[in-house]
Number of protein chains: 4
Amino acid sequence: MKRKLRYGMVGGGQNAFIGAVHRMAADLDGQIELVAGAFSSDPKNSQKTGKQLFLDPKRVYGSYEEMAQLEAALPADKRIDFVSIVTPNFLHTPVATSFLKAGFHVVCDKPMTLTLKEAKVLRNIVRKSGKVFALTHNYIGYPMVKEARELVRSGKLGKILKVVTEYQQGWLLDKIEADGQKQAVWRTDPKRAGASGCLGDIGTHAENLGRYITGLEIDSMCVEFTTFIPGRRLEDDANMLIRYKGGAKGVLNCSQISCGKENDLNIRIYGTKGSLAWHQEHPNELQFIPKGEPAKTLRPGNDYVSQAAKKFSRLPFGHPEAFIEAFANIYLEAVAAICACIEGKPGGQFDFPTVDDGVHGMAFLETAVKSATSNGKWIKFVPI
Amino acid sequence: MKRKLRYGMVGGGQNAFIGAVHRMAADLDGQIELVAGAFSSDPKNSQKTGKQLFLDPKRVYGSYEEMAQLEAALPADKRIDFVSIVTPNFLHTPVATSFLKAGFHVVCDKPMTLTLKEAKVLRNIVRKSGKVFALTHNYIGYPMVKEARELVRSGKLGKILKVVTEYQQGWLLDKIEADGQKQAVWRTDPKRAGASGCLGDIGTHAENLGRYITGLEIDSMCVEFTTFIPGRRLEDDANMLIRYKGGAKGVLNCSQISCGKENDLNIRIYGTKGSLAWHQEHPNELQFIPKGEPAKTLRPGNDYVSQAAKKFSRLPFGHPEAFIEAFANIYLEAVAAICACIEGKPGGQFDFPTVDDGVHGMAFLETAVKSATSNGKWIKFVPI
Amino acid sequence: MKRKLRYGMVGGGQNAFIGAVHRMAADLDGQIELVAGAFSSDPKNSQKTGKQLFLDPKRVYGSYEEMAQLEAALPADKRIDFVSIVTPNFLHTPVATSFLKAGFHVVCDKPMTLTLKEAKVLRNIVRKSGKVFALTHNYIGYPMVKEARELVRSGKLGKILKVVTEYQQGWLLDKIEADGQKQAVWRTDPKRAGASGCLGDIGTHAENLGRYITGLEIDSMCVEFTTFIPGRRLEDDANMLIRYKGGAKGVLNCSQISCGKENDLNIRIYGTKGSLAWHQEHPNELQFIPKGEPAKTLRPGNDYVSQAAKKFSRLPFGHPEAFIEAFANIYLEAVAAICACIEGKPGGQFDFPTVDDGVHGMAFLETAVKSATSNGKWIKFVPI
Amino acid sequence: MKRKLRYGMVGGGQNAFIGAVHRMAADLDGQIELVAGAFSSDPKNSQKTGKQLFLDPKRVYGSYEEMAQLEAALPADKRIDFVSIVTPNFLHTPVATSFLKAGFHVVCDKPMTLTLKEAKVLRNIVRKSGKVFALTHNYIGYPMVKEARELVRSGKLGKILKVVTEYQQGWLLDKIEADGQKQAVWRTDPKRAGASGCLGDIGTHAENLGRYITGLEIDSMCVEFTTFIPGRRLEDDANMLIRYKGGAKGVLNCSQISCGKENDLNIRIYGTKGSLAWHQEHPNELQFIPKGEPAKTLRPGNDYVSQAAKKFSRLPFGHPEAFIEAFANIYLEAVAAICACIEGKPGGQFDFPTVDDGVHGMAFLETAVKSATSNGKWIKFVPI
């Protein structure tokens, strides 16, 4: 491209967390500029945010509908190329639909929708639109996660036997939604978050991470949801046993009431020839133990890592990159896909989560809810 | 006591692993001496072992029955005070029975018996005998495990919500029992190991550890056994979801096919006021995170640890103690109980696993097998 | 400010490392935009870089002199607010001088100059100019480094007794300057790097870090330089013993031939009431051991960290930030100072390294070279 | 041998630390039995200790002179084979001399003597005696230290360029000798400890460890001693720069006032082909980074470790061994040498520190004191 891409944002006003992350991730590589936004359902908040971001007030909108409509009406060399959707879950579908129909590419936060049904509808809309739709399962943006996938793909682990995934947080150990803590309020409200709390919020990341690295498909699962905090409306702890197609087994343990745990997403993968371990809070280390050999600690930027990982490092070895950089890696790939579209060369291979991953994630959640609400019966996962 | 205790050993001949561990643990503190043994079902092996251990050949026996009988016939100031049983599982009950009936105290390796029924029979025998029966769930001998229990007991964790336990090994990733590897051969043979492989061998340690620290009682469990290695007769991987009485939840994941894992027993406990983490391979560190505070790394020998932990350290802080010392701590307590009996002062409080723990462990295994063989149904754990 | 700051860059063309880092750091927070540059002494390279950065070709200059002159001639609402200097060391002074004299604020990479004499000259120029001059000792931008300083300042460590600093890299273990590796070529050339190699390149960061956290002033030092790689013109390893004013002692060990070390800057500080440890490669953990208590691991974003640290976190706890974010924190403060100047409110307190730190760093290097070249005599550090 | 070795102990009475360690180390492997002792200069304390150790009261002596004389007078099948000397430093020489002259082998704690002169005298006595003299520099008994040496010897590190050694403790941060803390009292008394405090007590271990692994000989050193605690008579902190013969460089940093440090001995070795790192507090991990490859974590008991390391493991991988086991490894080798003498087969190769290492250690200390007391001049180390 001969110019920076222009994007707008829906959501991400005052006190929002993930909107600011998207903006930093988008800004980081100097390829994209924010030019428009509908940052809040409250137009004042939206304008205030726009001002802080040095936006032209005319392009700070009072609603996403307005934004989609008015941006589409701008000349091609002014209007946004894509929209980033960073609202609570229940708005993802209507916002995405508006912008796709108005001819814009979409970057959307996860989980994709409130229900599987809705996810399938959105998938159809995306397919018809011919537009790029990227879902920000950001944890797969880490170079060492790319390296992990590469090690699996290249056969270094042999046949995968077992996958142990954990995502432990402790921030919901108190009933902070009762105090109006904004992040907690919508995440514990079924109408805005969907039928699952903890699993929808963080378990889907864990599932996505495991699937991304191993490529394994779930056959069936047995799930235990617990709501530890009295009066909370969605589960704040979710554990499951998994049977994968082909015989591998899985254990997934996620929680938002694990005292002192901050954002402890980790995965360990055991194969017939080697094993891997990766922890999000120490993202620049990937432990790989080839059978019969000492554990190796792989770190980004070294000659010994694969091209697939190298491509996503910005700095030389020993200069740690972290959450924002990984998030930016999702943007880099989505933007590359969008540029390819704009330049009339679609069909390339890009490494970002798509609407299909979103549908998959919702199917995962629905299956889990089904098991959890049938007293922990094993439930078949139906491929979608 | 004014003298060292005398003990004999059944099992622990050439190429055995755990027998040598018991001997080092018993020797370490200079309170006990080995004076007799029936080290192998092969009398030549037994004599050879006895010679290496500098034993009087007359007290190296061809069978445990002979040993029980002849030792009992020795004068009181010569005969053994107790026996250590370090045979494969299927022999624990007959050997223990022989020695208890001959009037000896018993230290026995775990799991206690082949079946729950047998365990209950043995419990009756122990009760009638009035003798000390100690089961070597050695991992509870670590000072930092004592400290963990103390933190729970003193309320520092608040109410326990979740227990995550793992015991991962990789040494059975190949079918080494087919090559006659002695440790593997009996552990994969239902006749000698019992109805469970991996869970019986190592999962019981994990269960015992969790129960020792938290005191939680299992309400029900949902279990998945897998035999990954074709032709193996017992499961080599076992995962389970647990519901504890009172509402806590558990995840237990154990495996003997986890490539590169050596002896990775670890436990994490989450309460309303704090959480704990302990790893057997780094046994001198206990992570404790009080709610809202930084993680603390507790280490043995410091003034800040409890008396319960201090009692089991031999060295000043920074001088690491490990597996053998923890094992020796089980012996220290068992020996203290035996001495109290000998000196006519029974009834004291000692900190070692008893026949009741052995029965509990067998009930745990039988419940797990029941769930695993009913396609992962949730099964009630029946208190025993 | 009601607009983004505009900046230009000198240096940072093709294959440069630190220029790209500055740009990402500057872009990250959406407060600054790059609008001009003289990226290389080769005008073609400069234009190529400008194009990749989507700059107006008219504002991509063939030399820094031209840039300073022509930017100064632009109208106030177009011209740059400040320049970032990311050239090899020998150009820092002439470039900074040009821009300061043309009325621009300056952000400059370290070490500040080639010699102490030159540093003092530059200091005078800065003072006369009344402009902001920020030196990118980026490692002090990490939140946990801020926290470390705060712990020292608040007396939590008591009186500081000992400071152990290390900066170990291994990338110069081969004579890669002979192969034309661009980063190595100028860093091993006394004309472009100055009288010190390893110590100037990375040891100054270590010294700056220690001084930033502890506030200790060096009294004297005893230094050993080694050039391990035959034919290399500057030392690639430097070790020193330090006596601080007031009685504390220091050990500083830095190297660029430590095989396998990537960018291992770390510091440990021992006081009468507590000690600290921080490692750049795991920047989100600060170990603090209060006397008589367990080690605590402090992590950013938690309520228990100081405001001084919190101010420099962008994400909630558990979402790691790293090198670029720390670098961006230097920019944030420099930009705040520049904005204050522009808005006519100079004199505020800002937390970034200044020209005085640059002079101090050069005095440190000259003293070290003096000791190293007098066979390791103790040399007094003369305050400047 | 067809019997256990018999040994006696001098020192190690009530409240002593190292005596108990020697006994546990000696007991651990069931090859040695304690049969005599002069545990204290106070005969009552000595008898009390003997009773606790279940010794025949006739063989608990009131003085070491008496013990040497009377044990020598016992019949060959009763008297001790060797003596373990675990007294404060100033007694090592007279006690060792008495027993060597009485015909006994000696195991002696470190540092060997009070002065270099004394060390050379003792060396002559040992040489004339033809007896085994083993010095318990116990840290070289760790399997991973053996592995480290093996990696150096086999050329895996290439030429050694740099050695960084640290030994940090914090237990002398308060002036506990003033409160009569027994361990502190003699260690801070020049008459009983020698001319160096911290360096003699722990720095010698660090020096010995480095020399054991690398084989490097010191050319000269520049040393800074500090006594941080007012009124203390010996240094409590010692740092040095080292020049090795052949061009390698070293940094040694040791301290007993490093708040919160327990027993943090660690060493890092950098060569042209690889580097190593080992920490005593995590003794079962050896980090090895071959040039251009990921860091490898080597652990004992695995097939990939050398025979030299394997020989000193008692347990399978993942079953941690620690301080006592490493100490016992010194005994194992000393005992093997003693047995060879007894069996008339001297001259074998054994892996324990000898009287030559003791002389070397004293020369190291004298050179260090010379440098430290000449205001940090570089002083040549004179080979002895």
Side-chain angles (χ1 to χ4, degrees), chain A residues 157-162 164 166 168 170 173-174 220-229 236-243 247-255 257-262 264 268-277 287-296 375-378, chain B residues 157-162 164 166 168 170 173-174 220-229 236-243 247-255 257-262 264 268-277 287-296 375-378:
Chain A
L157 265 70
K159 189 187 176 203
I160 304 299
L161 303 179
K162 188 166 182 178
V164 180
E166 298 188 328
Q168 294 181 110
L173 182 52
D174 285 320
S220 52
M221 52 211 255
C222 165
V223 182
E224 178 80 347
F225 276 8
T226 311
T227 303
F228 278 109
I229 306 307
D236 45 29
D237 186 87
N239 307 311
M240 67 176 74
L241 304 178
I242 299 172
R243 296 174 185 153
K249 297 298 171 76
V251 180
L252 190 156
N253 150 25
C254 73
S255 182
I257 55 80
S258 291
C259 185
K261 291 284 128 179
E262 299 185 354
D264 186 9
R268 287 156 286 148
I269 301 168
Y270 302 95
T272 52
K273 294 185 183 170
S275 66
L276 288 179
Q287 192 192 58
F288 169 42
I289 316 183
K291 196 174 160 187
E293 293 184 36
K296 297 179 182 179
N375 192 27
K377 259 194 205 155
W378 284 88
Chain B
L157 265 70
K159 189 186 176 204
I160 304 299
L161 302 179
K162 189 165 180 180
V164 180
E166 298 188 329
Q168 295 182 109
L173 182 52
D174 285 320
S220 52
M221 51 211 257
C222 165
V223 183
E224 177 81 347
F225 277 8
T226 311
T227 304
F228 279 109
I229 305 308
D236 44 28
D237 186 86
N239 307 311
M240 67 176 74
L241 303 178
I242 299 172
R243 295 172 186 155
K249 297 298 171 75
V251 180
L252 190 155
N253 149 25
C254 72
S255 182
I257 54 82
S258 291
C259 185
K261 290 284 127 180
E262 299 184 354
D264 187 8
R268 286 157 286 151
I269 300 168
Y270 302 94
T272 53
K273 294 185 182 169
S275 67
L276 288 179
Q287 192 191 60
F288 169 43
I289 316 185
K291 194 173 158 187
E293 294 183 35
K296 297 179 182 181
N375 192 26
K377 258 195 206 152
W378 283 87

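Just so we're on the same page: letters track the sequence lines, and every chain starts at 1.
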Problem - Heavy-atom proximity to chain B below 4.5 Å, by part of A/N375 - result: both

Practice task
Could you tell me which non-hydrogen atom of A/Y270 sits nearest to which non-hydrogen atom of A/S275, and how far apart they are?
Solution key: CD2-CB, 3.5 Å

Handout entry: Short side-chain to backbone donor-acceptor contact, A/N253 and B/V164, under 3.5 Å
Key = no

Handout entry: Part of A/E166 within contact of chain B (heavy atom distance under 4.5 Å)
Key = side chain

Fill in the blank from the handout: Correct closest heavy-atom pair for B/I257 and B/L173 would be O-CD1, 3.7 Å

Fill in the blank from the handout: Answer key: most heavy-atom pairs under 4.5 Å with chain A among B/G292, B/G170, B/S255, B/G274 is B/G274

Practice task
Quick one: which of A/C259, A/G158, A/G260 has the most heavy-atom pairs under 4.5 Å with chain B, could you say?
Solution key: A/C259

Completion exercise
Correct closest heavy-atom pair for B/F228 and A/A248 would be CE2-CA, 4.3 Å

Handout entry: Exam field: side chain A/D237 to backbone A/T226, donor-acceptor pair closer than 3.5 Å
Key = no

Problem - Winner by heavy-atom pair count (cut-off under 4.5 Å) against chain B, out of A/K162, A/K377, A/Q287 - result: A/K162

Exercise for the section: Against chain B, work out which of A/K273, A/K261, A/E293 has the most heavy-atom pairs shorter than 4.5 Å and name it. Expected result: A/K261

Completion exercise
Looking only at A/K291, A/E224, A/Q168, the option with the highest number of non-hydrogen pairs under 4.5 Å against chain B is A/E224

Practice task
Using atom types as modelled and distance alone, determine if a side-chain donor or acceptor of B/S220 lies under 3.5 Å from a backbone N or O of B/R243.
Solution key: no

